[in-house]
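Below is one structure, written out as C-alpha cells; the observations come after it.
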Amino acid sequence: MCVSGRSTIRVAVALLGVKDNNERRVCARMHGYGTYGGIRIVTAVRVRFAPSPTGHLHIGGARTAIYNWLFAQHEGGTFVLRIDDTDPERSTEEHTASILASLRWMGLDWDEGPEVGGAFGPYFQSGRLDSYTKAAEDLLAAGKAYRCYCTAEELERRREAALSEGRPPGYDRRCRRLSDRERAVNQDARRACTIRLAAPLTGETRFTDLVRGDLVFPNSVLDDYVLLRTDGTPTYNLASVVDDAAMRMTHIVRGDDHLSNTPRQIVLFEALGAMVPAFAHMPLTWGTDRKRLSKRHGATSVEAYRKMGYLPEAMLNYLTLLGWSLDDKTTFFTREELVRHFTLGRVSKNPGIFDPDKLEWMNGSYIRELDPADLAGRLVPFLEEAGLIDEDWCRHNRGWLHRLVPLVQERLKTLAEIVDLAGFFFAPTVTIDPEAATKALSIEEVPAILEAACEVVETAEPFETSTIEAGLRDLPPKLGVKPKVVFQAVRVALTGRLVSPPLFETIELLGRERTTTRLKAALEQLRTSR
RNA sequence: GGCGCAUUAGUCUAGCGGCCUAGGACAUCGCCCUCUCAAGGCGGGAGCACGGGUUCGAACCCCGUAUGCGCCA
C-alpha cells in the first residue's frame with residue numbers, strides 16, 4: 001500500500017479481500033477507484049452486469065453488458081454477472097438461461113457469476129436475501145434507518161393533498177419524528193412497517209460521472225425511500241447497493257435512467273460504511289419513435305437477432321458503436337480492437353436510436369468478410385432449421401456446400417436468408433412463382449429457348465460454368481431474342497423465381513441431371529397450360 | 001409538480017475557440033458495371049434547436065427559451 005497524491009490511497013488487492021484467479025491481472029493494473037470517507041481509493045476494476053431474468057436479453061441490456069465487459073477487459077479488471085431475481089413473480093430459470101446464452105453468444109464471458117462461481121457468491125439475489133435484511137437491521141440499529149408505519153392508503157392520501165396544495169409529493173418523514181414511546185407502542189402492537197433510510201437533510205451529494213462529468217445534488221431533494229417492504233423484501237436500491245458493496249464493485253456502469261437514483265444510492269453506500277464506487281451512466285437506447293425500445297419496434301432481444309441470422313461479431317460491433325466512437329471514420333472493429341480502444345470517456349451523452357437497417361448492412365458486410373468454410377458451417381443450422389437438409393446430408397455433401405458459398409456470400413445480409421436464396425437447390429421439384437412465370441415465361445419464344453437450353457446443358461463438355469455459359473450465350477443471336485430474355489426464362493424454370501444466384505454457376509452446381517429435368521418440367525407445364 | 005440529463009442531416013457519429021465554405025457511415029436519389037439480385041465504383045440532396053451574450057473570431061464558452069427524455073410520487 002502506498003499513498004500517492006493528495007487524499008488518494010492505493011490499496012493492495014488483499015486488503016479488499018479479493019482472492020481469486022484474477023489477482024495477477026488485478027495487480028498489474030490498478031485503474032479503478034471509489035471514495036471511502038471522502039478519501040479516494042484506487043484499486044483493481046470490478047464491474048458487474050445485473051439483469052433481472054424477466055425476459056430475454058434486451059438490445060438495451062446487451063449494450064450495457066457490452067460496455068461493462070469492454071471496460072473490464074480494457075482495464076484488465078473483473079466482469080461480474082449477477083442475476084437480480086428478487087421479483088419471484090416475473091423471474092424464471094428459462095429467462096436466466098436465455099440471458100446467459102445470449103451473453104455467451106456475443107462472447108461476453110464473465111469472470112464471476114452463475115455457472116462459473118467466484119469469491120463473492122452467490123450471484124443470484126434470491127440467494128442473498130438474508131444480507132439485505134441484515135443490512136436494514138444494522139442501519140436501524142445505527143439510527144441510519146427507521147421503521148415507518150404509514151399505510152399505503154395514508155401515503156396516497158397525503159401525496160394527493162400535497163400535490164393539490166402545490167407542495168412536493170414526497171414522503172413527509174412523519175415516522176422519522178416518532179418519539180421512542182410511539183415507536184415502542186407500534187413495535188409492541190406488531191404493526192406492519194417498512195424500513196426507510198434516514199437520508200441526510202442538509203448538505204449535498206456530489207460525484208463524478210465518467211461519462212457526464214461532475215454532478216452535484218442537494219441532499220434536500222433526497223427522500224427517505226423504502227429499503228425493506230412490509231413483507232420483508234428488499235427494494236431495488238437496497239439489494240443493489242448491498243450487493244455492489246459486498247461484491248466490491250469499483251464502477252457502476254449502467255443506463256442513465258438510473259442517474260437520478262445515484263445520489264440516493266451514494267447516501268446508502270455511505271450509511272453502510274461501504275466504499276462508494278465510481279459511476280458511469282450510459283445513454284439509453286430508443287426505438288425509431290424516440291421511445292424506449294419495445295416490442296412495437298419489432299425484434300428487441302439478442303436471441304431474436306441470433307435466430308434471424310445475425311453474426312455475434314456484427315452485433316457486438318454495431319451495439320458498441322451505438323453510443324461510442326473511436327474517431328471520425330473507423331466503423332469496423334474486431335473484438336480485440338474494441339477492447340484495446342474502448343474508454344468510457346468516449347461514450348456519447350445522447351440516447352441512440354437503434355437502427356435495424358444499419359445493423360443489417362453491417363451484418364452483410366461481416367458475412368462477406370467471413371472465410372467461406374466458416375460461412376458454410378454457420379449456414380448449416382439455418383438450412384437444417386428449414387428442413388432442407390439434415391445431419392446425414394451434411395456428412396455426404398460438405399464439398400457441395402462449400403461450392404455453394406461463393407454464389408451466395410455477397411448476397412446474404414443475414415444467415416437465414418440462405419433458405420430463401422438457395423432453397424430451390426434442395427427441393428425435389430420447383431414451384432414456379434406465378435408472377436415470375438408471367439414476366440419471364442409468357443413470351444412466345446420461351447419453349448424454343450428452353451429446348452435449346454436443355455440441349456446446351458445435355459451436351460456441355462466438360463460440364464462446368466465456362467462451357468455452360470458459352471453454350472447459353474450462343475442462344476440469343478440464334479433465336480433472335482435479347483440475352484436477358486433467355487437467361488430469365490432459364491432462371492425461372494430452374495429456380496422458380498426472378499432472383500437467384502448467378503445462372504451459369506447455379507446450373508453447374510445443380511448438375512446436368514436436375515437441370516435438364518427442371519427445364520423439361522417447365523416445358524411440359526407450358527404446353528399443358530396453353 | 002420538483003430535480004436532473006440531453007439537443008450536429010431521417011439515423012449513428014467526428015468536432016472539445018481559428019484546421020469547418022462542418023468530416024465519416026447507414027438510409028435515400030442518380031449514373032456506371034451487369035444474366036436477375038447483390039456486391040462494387042462514381043456522384044447528388046440533406047445538419048450545428050432558437051434567442052441573447054463573451055471574443056478579433058463560436059458547432060465548440062456563459063445565460064435564457066423551447067423540445068425530448070429520465071427519476072421521485
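Throughout, a chain's letter reflects where its sequence line sits, starting with A, and its residues are numbered from 1.
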Q) RNA chain B: A/Tyr171 or A/Glu469, which has the more 5' nearest nucleotide? A) A/Glu469
Q) How would you label the contact of A/Arg346 with the nucleic acid (heavy atoms, under 4.0 Å): base, sugar-phosphate, or nothing? A) sugar-phosphate
Q) Tell me: CD1 of A/Ile353 to C1' of B/U13, nearest whole Å? A) 13 Å
Q: Would you mind pulling out the nucleotide paired to B/A39, Watson-Crick or G-U wobble, both distances under 3.5 Å?
A: none
Q. When the C1' atoms of B/C12 and B/C56 are considered, how many whole Å apart are they?
A. 36 Å
Q: Between B/G23, B/C37, B/U11, spot the one nearest the side chain of A/Val499, thanks.
A: B/C37
Q: Would you mind pulling out the nucleotide paired to B/C48, Watson-Crick or G-U wobble, both distances under 3.5 Å?
A: none
Q | Pairwise P distance, B/C72 and B/U54 [rounded to whole Å] | A | 42 Å
Q: Could you let me know what B/U34 is paired to, Watson-Crick or G-U wobble, both distances under 3.5 Å, or none if it's on its own?
A: none
Q. Got a donor-acceptor contact below 3.5 angstrom from the A/Thr235 side chain to the A/Val226 backbone?
A. yes
Q. Between A/Asp224 (CG) and B/C72 (C1'), how many Å, whole number?
A. 13 Å
Q) Contact class for A/Ser325 vs. all strands (heavy atom < 4.0 Å): base, sugar-phosphate, or nothing? A) sugar-phosphate
Q.
What's A/Thr495 touching, base or sugar-phosphate or nothing? Going by heavy atoms closer than 4.0 Å.
A. nothing
Q: Select base, sugar-phosphate, or nothing to describe what A/Leu215 touches, counting heavy atoms under 4.0 Å on all strands.
A: sugar-phosphate
Q: Can you tell me the pairing partner of B/A6 across any strand shown, Watson-Crick or G-U wobble, with both distances under 3.5 angstrom?
A: B/U67
Q: Please tell me which of the listed nucleotides, B/C72, B/A39, B/U13, lies nearest to the side chain of A/Asp223?
A: B/C72
(Q) Please tell me whether A/Trp69 and A/Phe49 form a close aromatic pair, meaning their ring centres lie under 6.0 Å apart. (A) no
Q: Taking only the side-chain heavy atoms of A/Thr331 (C-beta and beyond), determine which of B/C35, B/A25, B/G70 contains the nearest atom.
A: B/A25
Q.
Can you identify which nucleotide, out of B/C35, B/C37, B/A38, has its nearest atom closest to the A/Pro502 side chain?
A. B/C35
(Q) I need the CE-C1' distance between A/Met282 and B/A6, as an integer number of Å. (A) 15 Å
Q: Would you classify A/Phe504 as touching base, sugar-phosphate or nothing, given that sugar-phosphate means primed atoms plus P, OP1 and OP2, and contacts are heavy atoms under 4.0 Å?
A: base
(Q) Give me the atom names and distance for the closest heavy-atom approach of A/Arg346 to A/Leu326. (A) NE-O, 3.0 Å
**Q.** Contact under 4.0 Å: A/Asn350 side-chain N or O vs B/A6 OP1/OP2
**A.** no
Q. Roughly how many Å is it from CH2 in A/Trp361 to P in B/U28, rounded to a whole number?
A. 13 Å
**Q.** Between B/G64 and B/G30 - C1' atom distance, rounded Å
**A.** 45 Å
Q: Scan A/Leu503 against the nucleic acid and name what it touches under 4.0 Å (heavy atoms): base, sugar-phosphate only, or nothing.
A: base
Q) Counting only distance, no hydrogens or angles, is the base of B/A27 paired donor-acceptor with the side chain of A/Lys358 under 3.5 Å? A) no
Q) Taking the same atom, C1', in B/U7 and in B/A49, what whole-Å distance lies between them? A) 7 Å
Q: For B/U11 versus B/C19, give the span between their P atoms, rounded off to a whole number of Å.
A: 27 Å
**Q.** Complementary nucleotide for B/U55 - Watson-Crick or wobble, under 3.5 Å
**A.** none
Q. OP1, OP2 of B/U36 versus side-chain N and O of A/Arg411: anything below 4.0 Å?
A. no
Q: May I ask you to test the A/Thr230-A/Thr194 pair for a side-chain heavy-atom distance under 4.5 Å?
A: yes
**Q.** A/Lys349 side chain, from C-beta outward: closest of B/A6, B/A27, B/G24
**A.** B/A6
Q | Rounded interatomic separation in angstrom, taking CD from A/Glu505 and C1' from B/C35 | A | 10 Å
Q: Determine the sole option in A/Glu513, A/Glu458, A/Glu455 for which the salt bridge (charged side-chain N to carboxylate O under 4.0 Å, His left out) test with A/Lys520 is passed.
A: A/Glu458
Q | A/Glu461 bridged to A/Arg512 by N-O distance under 4.0 Å | A | yes
Q.
Just the rounded figure in Å: distance from P of B/C35 to CZ of A/Arg491.
A. 10 Å
Q: May I ask you to say what A/Leu498 touches in the nucleic acid, namely base, sugar-phosphate or nothing, with a heavy-atom cut-off under 4.0 Å?
A: base
Q.
Using the C1' atom as the point on both nucleotides, what is the distance between B/C48 and B/G23, in whole Å?
A. 13 Å
Q: Taking all non-hydrogen atoms of both residues into account, name the closest pair between A/Thr506 and A/Leu407 and its distance.
A: N-CD1, 3.9 Å
Q: With C1' as the reference atom in both, quote the distance from B/A59 to B/C3 in angstrom, rounded to an integer.
A: 29 Å
Q.
Using a 4.0 Å heavy-atom cut-off, does A/Arg368 contact any base of the nucleic acid, only the sugar-phosphate backbone, or nothing at all?
A. sugar-phosphate
Q.
Tell me if the CZ atom of A/Arg403 is crowded by more than 12 foreign heavy atoms within 6.0 Å.
A. yes
Q. Using a cut-off of 4.0 Å on non-hydrogen atoms, how would the nucleic acid contact of A/Gly323 be classed: base, sugar-phosphate, or nothing?
A. sugar-phosphate
Q: Can you figure out which of B/A39, B/G70, B/C72 approaches the side chain of A/Lys413 most closely?
A: B/A39
Q. Could you state the CG-P distance from A/Leu222 to B/C71, rounded to the nearest angstrom?
A. 17 Å
Q. Do you know the tightest heavy-atom contact between A/Thr64 and A/Val253?
A. CG2-O, 3.8 Å
Q | Phosphate OP1/OP2 of B/C35: any A/Arg473 side-chain N/O under 4.0 Å | A | yes
Q) Going by modelled atom types, is there a donor-acceptor pair between the base of B/C5 and the side chain of A/Arg212 at under 3.5 Å? A) no
(Q) If you assign each of A/Gly352 and A/Lys484 to its closest nucleotide in RNA chain B, which residue comes earlier from the 5' end? (A) A/Gly352
Q. NA contact type, A/Pro351, heavy-atom cut-off 4.0 Å: base, sugar-phosphate, or nothing?
A. sugar-phosphate
Q. Quantified in whole Å, what is the C1' atom distance between nucleotide B/A14 and nucleotide B/C35?
A. 42 Å
Q) Paired with B/C72: which nucleotide, if any, by Watson-Crick or G-U wobble criteria at under 3.5 Å for both distances? A) B/G1
Q | OP1 or OP2 of B/C72 under 4.0 Å from side-chain N/O of A/Ser260 | A | no
Q: Please state how far atom NE2 in A/His281 lies from atom C1' in B/C5, giving the value in whole angstrom units.
A: 11 Å
